[in-house]
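This one's a predicted model, so the numbers in the text were calculated from it and none came from an experiment.
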Amino acid sequence: MANALAPQKQMTFGEGGMALAFVALALLSIVVAAKAYTPEYAFHAYLFTAASVAAVFAIINRYYNRSTETPPLTIDGKPNYNMGPVKFASFASVFWGLAGFSVGLYIALELAYPGLNLDISYITFGRLRPLHTSAVIFAFGGNVLIATSFYVVQRTCRARLAGDLAPWFVVLGYNFFIVIAGTGYLLGITQSKEYAEPEWYSDLFLTVVWVTYFLVYLGTIMRRTEPHIYVANWFYLAFILTIAVLHLGNNAAVPVSLFSPKSYIVWSGVQDAMVQWWYGHNAVGFFLTAGFLAIMYYFIPKRAERPIYSYRLSIIHFWALIFLYIWAGPHHLHYTALPDWAQTLGMTFSIMLWMPSWGGMINGIMTLSGAWDKLRTDPVLRMLVVSVAFYGMSTFEGPMMSVKVVNSLSHYTDWTIGHVHSGALGWVGYVSFGALYCLIPWLWNRPLYSLKLVNWHFWISTIGIVLYITSMWVSGILQGLMWRAYTPLGFLEYSFVETVEAMHPFYVIRALGGFLFLTGALIMAFNLWKTVTSTEAAAPAHVTLAPAE
């Protein structure tokens, strides 16, 4: 009688709906693979088929293995946090980081020693370069953002992630998109737009994943038990929402056919260039800045065990940054066919961006007030704080380079490469490393394996960053000066080949800097792996709660 009255296990709407959606995607992918115009596109269709079938089996297997109910929101009155997707994204970020840094080192060596392409089309600079940028920005950086955002929103809202399967779909779907995009670059599938190379079908899939990400994040905030929305969540939401708008606008395209990987962008000419750099610079502004500022606003106070220096300044920083950043894209198009007023507008807003950017930098660094001594004993906190210093340097250099007279010397040169990497390696890289050094011991409840190894990581990679950016500064300024040098008769003084030859020693130094940075990342990966596999549990300690936690 008791068994007859026991609640029967039923497949949830989410499980059934997602399983049916993946079945439909698998069938469509099989048809596309059979009729694909190119073998490269057929390969991607087969990948979609395999992934969809695997997803269906995973959902059904999970249904049979779970208890009669979905996981509860609370246990004994405490939030039942969903940290599985956070753990997966954390390790995916380390994996993609090592892959992206390795490819970056190889293409740096290719520039210094061109014979390294071995006359193999798949590993030429033109195919590996977008693979490198996407791997480090979207694969490494994107997984860090997903992992930290899912962790922070749960902790600061005291609520379990919204959705049952949806968080897993976000994490796994995003990483599948990375696989499709990366293999596409190697196979020559690209729409040739900076930071937006994936073709229409992968863009459509990413749109579904990203909208799900937004709904999961927003749903978690809406079910919060903490009345205050902590400022880090403001930055995460701005990053998620704005990237969605940028992605849809810049990737508006008409496919040649369902069976062709090729598409044509709806924008043309100078309008296409304007939309591209509206997207491109705001990918920097909202993906590589707003998202990682959210990391700064949570992890530095937590690690330093100090409140944010000025919560009011953090709100001013947020609104000023998101209002000004969106207008700065035209500074990439100085001295082009873009109307002069639009170029000037981009330059003006870029210069104004210096103020809110430094407001955020000051807020992050001054959070250490009363805890400066920890920089001597805690290399993780040192890495987080140095990342903010790099953020301040990059956000001064960027507005300066947007001024037309400076841009006339710097644009199209290695100076721009040095500027990008001072932000990418110093700001994004270090704040990501610091977050991972905090996050993984918390997730597995283990002490960090070795602070000494963190110290080695910090100093080796710092030397690498300094070598990288200084070599590119010198190389870029030398390039700009050689390109604009004229003889007394009015002819160009140097041929293009002579400028390339002059860059060689700086390219070798850059590759050395990249090697040191990769070495530091390998040390981190070893340290984190030893942390996870350790059998020693972290000692219970009193931790000062951050605001809203």
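- In this structure, W234 contributes its side chain and I229 its backbone to a donor-acceptor pair below 3.5 Å.
- For Y201, the OH atom counts as densely surrounded, since its 6.0 Å shell holds more than 12 non-hydrogen atoms of other residues, nucleotides or ligands.
- The backbone N or O of D272 sits nowhere less than 3.5 Å from a side-chain atom of Q276 that would complete a donor-acceptor pair.
- Taking the centre and axis of the six-membered ring of Y264, the NZ or CZ atom of K262 falls inside the cone set by 45° and 6.0 Å.
- One N or O on the side chain of S461 and one on the backbone of F458 form a donor-acceptor pair closer than 3.5 Å.
- Aromatic ring pairs are classed by plane angle as parallel below 30°, tilted from 30° to 60° and perpendicular above 60°; the pair Y217 and Y213 is perpendicular.
- Between F433 and Y430, the two ring planes are tilted [angle within 30° to 60°].
- Residues F517 and F101 place their aromatic rings such that the two centres sit under 6.0 Å apart.
- For W267, the CH2 atom is loosely surrounded, since the number of other residues' heavy atoms within 6.0 Å does not exceed 12.
- Among residues two or more places apart in sequence or in another chain, the side-chain contact (heavy atoms from CB on, under 4.5 Å) test is passed with I60 by V56, Y64.
- The pair E194-R129 meets the salt-bridge criterion, with a side-chain N (NZ, NE, NH1 or NH2) lying under 4.0 Å from an Asp/Glu carboxylate O.
- Aromatic pair Y41/F259: centroids not less than 6.0 angstrom apart.
- Note on ring orientation: taking the six-membered ring where Trp is involved, the planes of F235 and F318 are perpendicular (angle over 60°, cut-offs 30° and 60°).
- Note on ring orientation: taking the six-membered ring where Trp is involved, the planes of F91 and W529 are perpendicular (angle over 60°, cut-offs 30° and 60°).
- Side-chain atoms of S90 do not come within 3.5 Å of backbone N or O of A147 as any donor-acceptor pair.
- Take R160 and apply the salt bridge (Lys or Arg N to Asp or Glu O under 4.0 Å) test, not counting sequence neighbours, and it matches no residue.
- Other residues, nucleotides and ligands contribute only 12 or fewer heavy atoms inside 6.0 Å of the OH atom of Y46.
- By the 6.0 Å contact criterion, OH on Y449 is open, its count of non-hydrogen atoms from other residues, nucleotides or ligands being 12 or less.
- Note: Y230 and Y297 fail the aromatic proximity criterion, with ring centroids not under 6.0 Å apart.
- Under a 4.0 Å N-O distance rule, the pair D164/R62 qualifies as a salt bridge.
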